[in-house]
Colleague: 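Structure in structure tokens, see below.
Please read these numbers as outputs of a predicted model, since none were measured by experiment.
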Amino acid sequence: MRIGENTTQNYQSILQMLKNLNKNTRNDPLGIFHSNFGMNQTGQGSRPDMVEVVPGYYCKNDPRIIANFRKNFDEDGDLINSHGVAGMDITGKDPSEWHKIVEVSEEGRQSMFDMVKREFIQEQGIANGDTTQRSEVFAAYQKSIPKADRLTATWTLGQYERQYNKAMYEAVRASNPTWEPGQYFDPAILQGITRESVEARIVQTGTDSLGLKSIDCLA
């Protein structure tokens, strides 16, 4: 999970390293961090200089290291991700636990729709990982809901994101059947595409998925 210095980025790296630790401690040459590996049956560590900072996570018994390490967890001991959101760690969880369609607030869906439409026009239908604001949209939504709901709601919002993108693609292709992502198109084509018009076509296709009805199927 994380390593050695005082910055958030470095400690995020340490936490990832801890997740990958096994009984061989050569991955932690300084002996600063450990997960619950190497604990005996009474729960005591094999090294007296290690202390359990949060359940299952141990580090060197040094006040400075402990203080910095604790910044990566919330008051419940749950890992906080790089966007400052707890409850998003899927370590040890079966995907079926959070691959579910649940209710997502109108505000959350609207923020996602606005981002998808804006970036679809901006990038001419290409997904650009260098410029996208999708992580910020997800993080803002996650912070607006209870921690226990974040994984399933995030999965569902991602399903909406896919259908919004698909609707944009279909609208441009309907106007120009030869258009391909990355090619210019007139943004006016998407002017009449609203979240409400797209969601009128969205249907649940499984316990974990959404789909988009064909325009031909609309009455």
Colleague: So for atom CD, which belongs to Q191, do other residues, nucleotides or ligands contribute more than 12 heavy atoms lying within a distance under 6.0 Å?
Modeller: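 Not buried by this count: 12 neighbours or fewer within 6.0 Å.
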Colleague: Would you call E199 and R195 a salt bridge, using N to O less than 4.0 angstrom?
Modeller: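 Yes.
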Colleague: Could you check whether any side-chain heavy atom of V85 comes within less than 4.5 Å of a side-chain heavy atom of F138, counting everything from C-beta outward?
Modeller: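 They are not in side-chain contact.
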Colleague: Taking the side chain as every heavy atom from C-beta outward, state whether T156 and K100 have any pair of such atoms under 4.5 Å apart.
Modeller: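 With C-beta onward as the side chain, the pair stays apart.
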Colleague: Check whether D149 reaches the backbone of I145 with its side chain - one donor and one acceptor, N or O, closer than 3.5 Å.
Modeller: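 Here the side-chain-to-backbone pair does not exist.
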Colleague: What's the shortest heavy-atom distance between K93 and D89, and which atoms?
Modeller: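 Between these two residues, the closest heavy atoms are NZ-O, 3.5 Å.
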Colleague: Could you pull out the closest heavy-atom pair between G125 and P181, with the gap in Å?
Modeller: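 For G125 versus P181, the nearest heavy atoms are O-CB, 3.7 Å.
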Colleague: Which residues satisfy the side-chain hydrogen bond (donor to acceptor under 3.5 Å, both in side chains) test with D208, sequence neighbours excluded?
Modeller: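 Scan of D208 (side-chain hydrogen bond (donor to acceptor under 3.5 Å, both in side chains), adjacent residues dropped) gives none.
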Colleague: Between I193 and F113, is the side-chain contact (heavy atoms from CB on, under 4.5 Å) condition met? List the steps.
Modeller: CA-CA 10 Å; I193 305 296; F113 178 84; 4.2 Å; yes
Colleague: Hydrophobic cluster membership, with links at side-chain heavy-atom distances under 4.5 Å among I/L/V/M/F/W/Y: are L79 and I66 in one?
Modeller: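 Yes, L79 connects to I66 through the hydrophobic network.
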Colleague: Output every pair passing salt bridge (Lys or Arg N to Asp or Glu O under 4.0 Å) with a member in residues 177-189, not counting sequence neighbours, ordered by first then second residue.
Modeller: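 As it turns out, the salt bridge (Lys or Arg N to Asp or Glu O under 4.0 Å) pairs with a partner in residues 177-189, which skip direct neighbours, are R173-E180.
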Colleague: Flag the pair M115 / Y164 as yes when at least one side-chain heavy-atom distance between them is below 4.5 Å, and no otherwise.
Modeller: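 No, side chains not in contact.
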Colleague: Going by heavy atoms in the side chains, are M168 and F185 under 4.5 Å from each other?
Modeller: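 The answer is no, as the side chains (C-beta and beyond) never meet within the 4.5 Å cut-off.
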Colleague: Say you draw a straight line from CG of N68 to NZ of K71; how long is it, rounded to the nearest 0.5 Å?
Modeller: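 It comes to 4.5 Å.
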Colleague: I need the minimum non-hydrogen distance between L151 and G87, along with the two atoms involved.
Modeller: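 Distance-wise, the nearest heavy atoms are CG-O, 3.5 Å.
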Colleague: If you measure from CZ on R70 to CD on E75, what distance do you get to the nearest 0.5 Å?
Modeller: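 One finds 13.5 Å between CZ of R70 and CD of E75.
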Colleague: Could you go step by step and tell me if S144 and E107 meet the side-chain contact (heavy atoms from CB on, under 4.5 Å) rule?
Modeller: CA-CA 10 Å; S144 74; E107 292 78 8; over 6 Å; no
Colleague: Going only through I, L, V, M, F, W and Y residues with side-chain contacts under 4.5 Å, is there a path from L210 to Y169?
Modeller: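 Both belong to a single hydrophobic cluster.
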Colleague: Tell me, do I202 and Y160 make a side-chain contact under 4.5 Å, heavy atoms counted?
Modeller: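 Yes - at least one pair of side-chain heavy atoms lies under 4.5 Å apart.
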Colleague: Under a 4.5 Å side-chain heavy-atom rule over Ile, Leu, Val, Met, Phe, Trp and Tyr, are I90 and W155 clustered together?
Modeller: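 Shared cluster, yes.
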Colleague: If you define the side chain from C-beta out and look only at heavy atoms, does anything of Q204 sit under 4.5 Å from S209?
Modeller: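 No; the side chains remain at least 4.5 Å from each other.
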Colleague: Can you measure from CE (M112) to CG (L157) and round to the nearest 0.5 angstrom?
Modeller: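 If I round to the nearest 0.5 Å, the distance is 4.0 Å.
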Colleague: For T154 and Q142, test the side chains for any donor-to-acceptor distance below 3.5 angstrom and give the result as yes or no.
Modeller: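 Short answer, yes.
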Colleague: Ignoring hydrogens and angles, tell me if any N or O in the side chain of S197 forms a donor-acceptor pair with the backbone of T194 under 3.5 Å.
Modeller: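 Yes; judged by distance alone, with no hydrogens or angles, the pair exists.
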Colleague: With salt bridge (Lys or Arg N to Asp or Glu O under 4.0 Å) as the rule and sequence neighbours excluded, what pairs involving residues 112-128 come up?
Modeller: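 Applying salt bridge (Lys or Arg N to Asp or Glu O under 4.0 Å) to every pair that reaches into residues 112-128, excluding sequence neighbours, yields nothing.
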Colleague: Using a 3.5 Å distance criterion without hydrogens, assess whether the side chain of S111 forms a donor-acceptor pair with backbone atoms of G108.
Modeller: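 No: the side chain of S111 does not pair with the backbone of G108.
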Colleague: Would you give the length of the straight line joining atom NZ of K60 to atom CG of D49, rounded to the nearest 0.5 angstrom?
Modeller: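 Going from NZ on K60 over to CG on D49, the span is 4.0 Å.
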Colleague: Would a 4.5 Å heavy-atom cut-off, applied to side chains only, mark K147 and D78 as touching?
Modeller: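 SC-SC contact between K147 and D78 confirmed.
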Colleague: Once rounded to the nearest 0.5 Å, what's the spacing between atom CD of Q163 and atom CZ of R109?
Modeller: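 Those atoms lie 13.5 Å apart.
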Colleague: Between F120 and V172, is a side-chain contact (heavy atoms from CB on, under 4.5 Å) present by the stated rule, with each step listed?
Modeller: CA-CA 10 Å; F120 194 95; V172 177; 3.9 Å; yes
Colleague: Passes side-chain contact (heavy atoms from CB on, under 4.5 Å), V198 versus L212? Steps please.
Modeller: CA-CA 8 Å; V198 175; L212 196 66; 4.1 Å; yes
Colleague: Is any side-chain heavy atom of L190 closer than 4.5 Å to a side-chain heavy atom of I121?
Modeller: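 Yes, close enough: below the 4.5 Å cut-off.
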Colleague: Work out which heavy atom in I65 is nearest to a heavy atom in C59; give both atom names and the distance.
Modeller: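 Between these two residues, the closest heavy atoms are CG2-SG, 3.9 Å.
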Colleague: State whether E170 and R201 are salt-bridged, where the test is any N-O pair (Lys NZ or Arg NE/NH1/NH2 against Asp/Glu carboxylate O) under 4.0 Å.
Modeller: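 Salt bridge present between E170 and R201.
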